A.B. asks: 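Next up is a structure, given as structure tokens.
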Amino acid sequence: MNNDDSEQLAGLGAPRTLTRKERREMMLKQQKRRRRRRRARLRRVKAWRALRSLQFWTRTAIALVLLLLFAFWARFAYVYDIPSYAASVLPPHIRAYVTVKPWWFGPPVFDLGLYAPDVGGGAIPDPYAVLLYKLGQYAPILTHPQIIWVSH
């Protein structure tokens, strides 16, 4: 065995220094690796921000819808299925309308057909009075409506 073989076997040789070209190639590889990692990190951050933004706007929209539904339930009423004798006290050709309730937190939907008396027998002289009686405390939605929206 010659001297070079024995040094390689024993591992006692001096560490090999890189040439200028090898060092530059190694530095370029490290730069490329850092750049790829940085771009990947930026993509992850952008995706996370977009997701968080989507979550924020979704939650905001849901909260707004719930607030509007709560406000409608609290203060507005949708009145429909208006009998012909009750429609005579309203503006002409109204099939349904939204009105401001004179009270807070009552039923938001009124089907006046459910409150209307059966006029088929003809025994009821004033069906409008019976309708108002059946409506009870909710009669002002028909007698004094503050109409906001109308369906013709």
Side-chain angles (χ1 to χ4, degrees), residues 11 14-152:
R16 182 176 165 262
T17 59
L18 298 174
T19 64
R20 194 178 292 176
K21 184 178 178 182
E22 291 171 335
R23 180 162 172 77
R24 191 179 69 205
E25 287 173 359
M26 185 181 72
M27 295 298 282
L28 284 174
K29 284 181 183 178
Q30 286 178 349
Q31 267 183 339
K32 286 180 183 179
R33 189 179 313 122
R34 277 192 226 116
R35 194 175 304 131
R36 277 195 310 266
R37 287 180 181 167
R38 188 177 319 124
R39 286 180 182 156
R41 185 174 58 245
L42 286 175
R43 280 192 304 270
R44 285 192 308 268
V45 167
K46 283 181 182 180
W48 178 250
R49 284 181 181 163
L51 179 64
R52 293 297 296 171
S53 177
L54 180 67
Q55 287 176 346
F56 169 78
W57 288 112
T58 302
R59 289 177 184 156
T60 303
I62 289 171
L64 183 63
V65 166
L66 290 175
L67 184 66
L68 289 173
L69 287 173
F70 184 74
F72 183 83
W73 173 65
R75 200 61 180 145
F76 299 99
Y78 176 68
V79 181
Y80 68 101
D81 196 15
I82 303 167
S84 60
Y85 54 83
S88 63
V89 297
L90 296 171
H93 308 295
I94 292 182
R95 290 187 304 147
Y97 61 92
V98 174
T99 183
V100 178
K101 295 185 281 192
W103 66 90
W104 285 88
F105 301 108
V109 177
F110 288 92
D111 180 2
L112 293 184
L114 296 176
Y115 294 95
D118 185 20
V119 293
I124 300 173
D126 189 8
Y128 182 69
V130 175
L131 175 66
L132 292 179
Y133 176 75
K134 285 187 173 183
L135 279 171
Q137 67 177 355
Y138 305 127
I141 63 165
L142 189 60
T143 57
H144 300 94
Q146 296 176 353
I147 297 176
I148 295 176
W149 176 83
V150 174
S151 171
H152 293 284

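Owing to the predicted nature of the structure, the values given are computational and were not obtained by experimental measurement.
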A.B. asks: Please examine the side chains of R23 and M26, heavy atoms only from C-beta on, and report whether any two atoms are closer than 4.5 Å.
C.D. replies: yes
A.B. asks: Locate the shortest heavy-atom distance separating A77 from K101; write the atom from each residue and the value.
C.D. replies: CB-CG, 3.6 Å
A.B. asks: Test side chain to side chain contact (heavy atoms under 4.5 Å, CB included) on L142 and L90; report intermediate values, then the result.
C.D. replies: CA-CA 8 Å; L142 189 60; L90 296 171; 4.2 Å; yes
A.B. asks: Under the side chain to side chain donor-acceptor pair (under 3.5 Å) rule, what do Q30 and R33 come out as? Steps first, then yes or no, please.
C.D. replies: CA-CA 5 Å; Q30 286 178 349; R33 189 179 313 122; over 6 Å; no
A.B. asks: Is any side-chain heavy atom of L135 closer than 4.5 Å to one of T143?
C.D. replies: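 Not touching, per the 4.5 Å side-chain cut-off.
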A.B. asks: So which heavy atom on Y97 is nearest to which on I141, and how close?
C.D. replies: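 Closest approach of Y97 to I141: OH-O, 2.5 Å.
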A.B. asks: Ignoring hydrogens and angles, tell me if any N or O in the side chain of H93 forms a donor-acceptor pair with the backbone of H152 under 3.5 Å.
C.D. replies: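 Pair absent, no side-chain N/O of H93 close to backbone of H152.
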A.B. asks: Of the non-hydrogen atoms in L112 and P83, which two are nearest, and what is the gap between them?
C.D. replies: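 The answer is CB-CD, 3.9 Å.
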A.B. asks: To the nearest 0.5 Å, tell me how far K46 NZ sits from L51 CG.
C.D. replies: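 So the gap between those two atoms works out to 16.0 Å.
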A.B. asks: Taking side chain to side chain contact (heavy atoms under 4.5 Å, CB included) as the criterion, tell me which of R38, R39, K32, R34 meets it with R36.
C.D. replies: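 With R36 as partner, side chain to side chain contact (heavy atoms under 4.5 Å, CB included) holds for just one option, K32.
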A.B. asks: Taking the six-membered ring for Trp, are F105 and F70 ring centroids under 6.0 Å apart?
C.D. replies: yes
A.B. asks: Under a 3.5 Å distance rule, please check whether T58 uses its side chain to pair with a backbone N or O of L54 as donor and acceptor.
C.D. replies: yes
A.B. asks: I want to check something: taking the side chain as every heavy atom from C-beta on, are F76 and V100 in contact at a cut-off of under 4.5 Å?
C.D. replies: yes
A.B. asks: Tell me if the CH2 atom of W48 is crowded by more than 12 foreign heavy atoms within 6.0 Å.
C.D. replies: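 No - once you tally the heavy atoms of other residues, nucleotides and ligands closer than 6.0 Å, there are 12 at most.
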A.B. asks: Answer yes or no: does atom OH of Y133 have more than 12 heavy-atom neighbours from other residues, nucleotides or ligands under 6.0 Å?
C.D. replies: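 Not buried by this count: 12 neighbours or fewer within 6.0 Å.
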A.B. asks: Which pair of heavy atoms, one from A96 and one from Y78, lies closest together, and at what distance?
C.D. replies: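 Heavy-atom minimum between the residues: CB-OH, 3.5 Å.
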A.B. asks: Provide the closest heavy-atom pair for A86 versus L131 in the form atom of the first, atom of the second, distance.
C.D. replies: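 Minimum heavy-atom contact is CB-CD2, 3.7 Å.
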A.B. asks: Please report the C-alpha distance between R44 and R41 in whole Å, then the side-chain angles of each, then the deciding distance to 0.1 Å, and finally whether the side chain to side chain contact (heavy atoms under 4.5 Å, CB included) criterion is met.
C.D. replies: CA-CA 5 Å; R44 285 192 308 268; R41 185 174 58 245; 3.7 Å; yes
A.B. asks: Would a 4.5 Å heavy-atom cut-off, applied to side chains only, mark D118 and I124 as touching?
C.D. replies: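 Not in contact.
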A.B. asks: Can you say whether the rings of Y115 and F110 are parallel (under 30°), tilted (30 to 60°) or perpendicular (over 60°)?
C.D. replies: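 Aromatic pair Y115/F110 classed tilted.
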A.B. asks: Ignoring hydrogens, what is the shortest heavy-atom contact between R16 and E22? Give both atom names and the distance.
C.D. replies: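 Closest heavy-atom pair between R16 and E22: NH2-OE2, 3.1 Å.
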A.B. asks: Would you indicate whether the side-chain heavy atoms of L28 and Q31 approach each other to under 4.5 Å?
C.D. replies: yes
A.B. asks: Is any side-chain heavy atom of Y85 closer than 4.5 Å to a side-chain heavy atom of D126?
C.D. replies: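 Not touching, per the 4.5 Å side-chain cut-off.
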